[in-house]
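Step one of this worksheet: look at the structure below.
Quick note: numbers below take in every heavy atom, side chains included, and nothing from hydrogens, waters or symmetry partners. None of the values given here were measured: they were computed from a predicted structure.
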Amino acid sequence: MQLSYRSKVVLTGFLILIIGMMLIMLSESFVRLRQWIKHGGVIEDILAIESSSGLRIPMPNKVQGAIRINSIGFRSPELVNPKPYSVVRLAFLGESTTFCSEVSSNEATWPHLVWEKLQAIKPSVKFDFINAAVPGYSVNSSLRNLQYRVKPLQPDIIVIYHGNNDLSLDTRALAIEQDIYQGSDKEQSWLSKHSKLWFLVEKNLKIKQVQKEVSHKAKLDFDSKQLSRSFKQRLKKLVRESQEAANLVAIATFSYKIRREQTREGQVKAANSALYYMPYMSIEGLLDGYEEYNRVIREIARETDVLLIEGETDIPGNDTYFVDSIHFTDAGSKLMAKRISDALLNSNDFKRIIQSKK
């Protein structure tokens, strides 16, 4: 039967549509498979609200890809409780940069590497640790986490690593006040909520858009010291309560990929995820913000007499060490662990704790 020209056009269009839909389905399947192989799913799948604290915490005994959660909801090995007196227990408080979803295994997270190094260098003392960090946590979240979940486990040493999420919270509130930011950076279309492929497309398009706009769109105008006042109050409260819970408290300055010495193109690339979550920020604003919050961290350490861990730029700002603007690769995690473990090993308070356990 001879088809008419119109019928041929309709049939061709139908075949193109079918092929296009098949390609989209294959691409969607590939994206989901790749994400499952790498992470076992999305991080939100392992988090749930704990009734007693009201915090989002990792679900006990959850295994997702390279992430393993212990029976009490931490990304660390099982603990002996009550804690034996002879054990030196470390607790790490922080956000996603301490939880380390991006590294290849629990053993590649920098808290695990710190524990591993301390145990190797001080084999006569038994160490264990709690990675109490949770993606999305701010300083206030860690304070509540300390009060409800960490303090009862009797840590001897607490290491605090915060900065990015509080900078994001504080600048976002100011951006809304200045009417240059109207909504949540996490707003998604219907398609992106149901399609991993479309979510990645939307995210990458948004990143490219904010990277293009970084130089010519109205950006947040702020005084760094005024912006950081609330952060200082929150952080000081967390440090003070940590001091009540542990014999040694250490606070580390925050590492980030973007650097002043980079080319403009390099800075924009390094700021990709930071600009995605803080699209109202300029490159100079991001640098000023990170530097100011690190200044506050140093100031808090002096005022409270806790161990300050310096060296945030000892981790080079390139793709070898950072997955995005702030999260570590395995190589970056190793350098972060070196920062922390070296500082602890050189601390007189740490040495006194070790001596008391022998």
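Nearest heavy-atom pair, Q147 versus P152, reported as atom, atom and distance to 0.1 Å: O-CD, 4.1 Å. Contact record, A245 with K151: CB-CG, 3.8 Å, taken as the closest heavy-atom pair. Scanning both residues, N61 and E78, for their nearest heavy atoms gives OD1-OE2, 4.4 Å. Here the closest heavy-atom approach between residue P111 and residue N131 is recorded as CG-ND2, 3.7 Å. Between L344 and I157, the shortest heavy-atom contact is CD2-CG2, 4.2 Å. Minimum interatomic distance between V103 and S333 (heavy atoms only, all atoms of both residues): CG1-CB, 4.1 Å.
Taking 4.0 Å as the cut-off between side-chain N and carboxylate O, K62 and D45 do not count as a salt-bridged pair. R234 has a carboxylate O that lies under 4.0 Å from a charged side-chain N of D170, or vice versa, which qualifies the two as a salt bridge. In this structure, D128 pairs ionically with R89, as a charged nitrogen and a carboxylate oxygen lie closer than 4.0 Å. Residues K269 and D319 are paired through a salt bridge, judged by an N-O separation under 4.0 Å between the basic side chain and the carboxylate. With respect to K232 and D166, no salt bridge is recorded, no charged nitrogen being found less than 4.0 Å from a carboxylate O. With respect to the salt-bridge test (charged N to carboxylate O, under 4.0 angstrom), the residues D342 and K117 qualify. One finds a salt bridge joining R295 and E299 here, because a Lys/Arg side-chain nitrogen approaches an Asp/Glu carboxylate oxygen to under 4.0 Å.
D330 contributes a side-chain N or O that, together with a main-chain N or O of S104, makes up a donor-acceptor pair within less than 3.5 Å. Judged by distance alone, with hydrogens and angles left aside, the side-chain atoms of R149 form a donor-acceptor pair with the main-chain N or O of G73 at under 3.5 Å. Checked by atom type and distance alone, the side chain of T329 pairs as donor or acceptor with a backbone atom of G332 at under 3.5 Å. Side-chain N or O atoms of S347 include none that pairs as donor or acceptor with a backbone N or O of A343 at under 3.5 Å. For the pair K219 (side chain) and P279 (backbone), a donor-acceptor distance under 3.5 Å is present. Side-chain atoms of R259 never come within 3.5 Å of backbone atoms of G266 as a donor-acceptor pair (strictly under, hydrogens ignored). Under a 3.5 Å cut-off, the side chain of N70 and the backbone N or O of P77 do form a donor-acceptor pair.
Not less than 6.0 angstrom separates the ring centroid of F328 from the ring centroid of Y321. With ring centers used as reference points, H327 lies 6.0 Å or more from F322. Between Y293 and F254, the ring center distance fails the sub-6.0 Å criterion.
Atoms CG and CD1, from L90 and I158 in turn, are 10.0 Å apart once rounded to the nearest 0.5 Å.
With no hydrogens or angles considered, a side-chain donor-acceptor pair links R240 and Q243 at under 3.5 Å. Side-chain atoms of Y280 and T171 include a donor-acceptor pair closer than 3.5 Å. In summary, the side chains of S138 and E95 do not present any donor paired with an acceptor at a separation below 3.5 Å, with no hydrogens or angles considered. With 3.5 Å as the limit, one finds no donor-acceptor pair spanning the side chains of S224 and E292. Judged purely by distance below 3.5 Å, without hydrogens or angles, the side chains of E50 and S53 pair a donor atom with an acceptor atom. R352 and S356 share no side-chain donor-acceptor pair at under 3.5 Å. Inspection of the H162 and S142 side chains reveals an N or O donor paired with an N or O acceptor under 3.5 Å. Looking only at atom types and distance, the side chain of T97 has no donor-acceptor partner in the side chain of N164 under 3.5 Å away.
Remark: K237 NZ is loosely packed, at most 12 non-hydrogen atoms of other residues, nucleotides or ligands lying under 6.0 Å away. Shown here is E261, whose CD atom has more than 12 heavy atoms of other residues, nucleotides or ligands within 6.0 Å. Within a 6.0 Å sphere centred on NZ of K357, other residues, nucleotides and ligands contribute more than 12 heavy atoms. At most 12 non-hydrogen atoms from other residues, nucleotides or ligands lie less than 6.0 angstrom from NZ of K334.
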Worked check of salt bridge (Lys or Arg N to Asp or Glu O under 4.0 Å) between R298 and E312: CA-CA 12 Å; R298 292 181 172 95; E312 68 272 16; 2.9 Å; yes

Trace of the salt bridge (Lys or Arg N to Asp or Glu O under 4.0 Å) decision for K338 with D314: CA-CA 10 Å; K338 185 178 188 307; D314 290 350; over 6 Å; no

E310 and R339: CA distance, side-chain angles, deciding distance, salt bridge (Lys or Arg N to Asp or Glu O under 4.0 Å) verdict: CA-CA 8 Å; E310 298 267 19; R339 283 182 66 196; over 6 Å; no

S325/N272 under side-chain hydrogen bond (donor to acceptor under 3.5 Å, both in side chains): CA gap, chis, key distance, verdict: CA-CA 6 Å; S325 301; N272 58 356; 3.3 Å; yes

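If you chain together hydrophobic residues whose side chains sit under 4.5 Å apart, I130 and L113 never meet in one group.
Of the residues listed (F92, F99, W110), the one engaging Y161 in a ring pair (Phe, Tyr, Trp, His ring centres under 6.0 Å) is W110, and it is the only one.
Remark: R144 is not positioned above the aromatic ring of Y137, lacking an NZ or CZ atom under 6.0 angstrom from the ring centre and at most 45 degrees off the axis.
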